[in-house]
Protein chains: 2
Amino acid sequence: MDQVEIFKALSNKTRLQILNWLKDPELHFPDHKVSCGETNGGVCVGHIQRKAGLTQSTISEYLVVLQRAGLVTASRVGQWTYYKRNEKAFEDLSNLVASEL
Amino acid sequence: MDQVEIFKALSNKTRLQILNWLKDPELHFPDHKVSCGETNGGVCVGHIQRKAGLTQSTISEYLVVLQRAGLVTASRVGQWTYYKRNEKAFEDLSNLVASEL
DNA sequence: AATATATATCGGTATTTCCCGATATACCAA
DNA sequence: TTGGTATATCGGGAAATACCGATATATATT
């Protein structure tokens, strides 16, 4: 777990926004299940992209950044990649900040 | 409290190192009290700079970055500026990561 | 095979960060 | 005042980041 990489991933307003949206996908992507079906809490790139209002390539890259930092996990199903939060990473980070930083 | 600014401040190995050193100044700057006297847990720029091995200007800027993010506080006494951790900021950040990020 | 859709990757420009040396400022001492 | 020490700020080159449009890849459909 590279601390600097984690903090860099968090050093961007859009990426923080995405993480926040993924806390409650049903709330922030109400039409996701309709168009994408049950996805176990993961949200596909396109929905995130449209909500963020940046280009597809940018959001795809941002999600890779978050994934490399361990903050989200990706699972490919068919042509979609569903991204979801890795809650354990946030717990660990919280503990790190509280006691070891 | 600007979250992005905080995470940017933490996105650098040297700055993380400094914060860690400031957790226990007596341990990491054993000769500080001898040369600088009792400083209420704060450490002057020069000692931090020598331990970090970067230039004076770089470390001075890094400390300003940490200060603007609220992670350290500065107090000037004579020609020295003593920097110390703002523990409350770390508590707040830990809670933020745990519940709101 | 051909086409369409979802995502990833590539190449590029503008901005930011990293870190430096030089200089400015503040304070202290003689 | 002169000089010395501690810190801050300025100007800059190299590297990283923020985005973009274009293209490549993977999968699904016909």
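Throughout, a chain's letter reflects where its sequence line sits, starting with A, and its residues are numbered from 1.
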Exercise. For residues A/Val43 and A/Ile18, determine if any side-chain heavy atom of one lies less than 4.5 Å from a side-chain heavy atom of the other.
Key: no
Exercise. Write down the distance between CD1 (B/Ile48) and C1' (D/dT7), rounded to a whole number of angstrom.
Key: 12 Å
Quiz prompt | Of A/Trp80 and B/Trp80, the one whose closest DNA chain D nucleotide lies more 5' | solution = B/Trp80
Practice problem: Measure distances between side-chain N and O atoms of B/Gln56 and base N and O atoms of D/dA8, and say whether any donor-acceptor pair falls under 3.5 Å. | Solution: yes
Quiz prompt | Nearest-Å distance for atom pair CD1/C1', residues A/Ile59 and D/dC20 | solution = 12 Å
Practice problem: Provide, to the nearest angstrom, the distance between the CG atom belonging to A/Leu10 and the P atom belonging to D/dA18. | Solution: 12 Å
Practice problem: Using the side-chain contact (heavy atoms from CB on, under 4.5 Å) rule, take B/Arg68 and B/Val64 through it: C-alpha gap first, then chi angles, then the decisive distance, then the call. | Solution: CA-CA 6 Å; B/Arg68 275 204 293 258; B/Val64 168; 3.5 Å; yes
Quiz item: To the nearest 0.5 Å, what is the distance between CG (B/Leu71) and CG (B/Leu93)?
Solution: 7.0 Å
Self-check item: Atom-to-atom span, CG of B/Leu66 to C1' of C/dT17 - whole angstrom
Solution: 14 Å
Quiz item: How long is the line joining CG of A/Leu54 and C1' of C/dA14, in whole Å?
Solution: 15 Å
Quiz prompt | Atom-to-atom span, OH of A/Tyr82 to C1' of D/dA26 - whole angstrom | solution = 14 Å
Quiz item: C/dC18, D/dT17, D/dA18: which one has an atom nearest the side-chain heavy atoms of B/Asn12?
Solution: C/dC18
Quiz item: Within less than 4.0 Å of OP1 or OP2 of C/dC19, is there a side-chain N or O belonging to B/Thr58?
Solution: no
Quiz item: Does the side chain of A/His47 reach to within under 4.5 Å of the side chain of A/Asp31, using non-hydrogen atoms?
Solution: yes
Exercise. State which of D/dC20, D/dT7, C/dA8 makes the closest approach to the side chain of B/Cys44.
Key: D/dT7
Quiz prompt | side-chain N/O A/Thr55 vs D/dC20 OP1/OP2, d < 4.0 Å | solution = yes
Exercise. Kindly point out which of C/dC27, C/dT7, D/dT7 is positioned nearest to the side chain of B/Gln79?
Key: C/dC27
Quiz item: Out of D/dA8, C/dA6, C/dC19, which has the shortest distance to the side chain of B/Arg76?
Solution: D/dA8
Quiz prompt | Between D/dT7 (C1') and B/Tyr83 (OH): distance, integer Å | solution = 8 Å
Quiz item: Reckon A/Ser60 touches a base, only the sugar-phosphate, or nothing at all at heavy-atom distances under 4.0 Å?
Solution: base
Quiz item: Quick one: A/Lys13 NZ to C/dT16 P, roughly how many Å, whole number?
Solution: 15 Å
Quiz item: A/Lys8 side chain: which of C/dC19, C/dC28, D/dT17 is closest?
Solution: D/dT17
Practice problem: Establish whether the base of C/dG21 is bridged to the side chain of B/Ser57 by a donor-acceptor pair shorter than 3.5 Å. | Solution: yes
Exercise. Name the closest nucleotide to the A/Glu61 side chain, picking from C/dT7, D/dC19, D/dT5.
Key: D/dC19
Quiz item: Which sits closer to the 5' end of DNA chain D, A/Val65 or B/Leu63, going by the nucleotide each is nearest to?
Solution: B/Leu63
Exercise. Report yes if at least one side-chain N or O of A/Tyr62 is closer than 4.0 Å to OP1 or OP2 of D/dC19; otherwise report no.
Key: yes
Quiz prompt | More than 12 heavy atoms from other groups under 6.0 Å of CD on B/Glu26 | solution = no
Quiz item: Hey, does B/Cys36 have a side-chain heavy atom less than 4.5 Å from the side chain of B/Tyr82?
Solution: yes
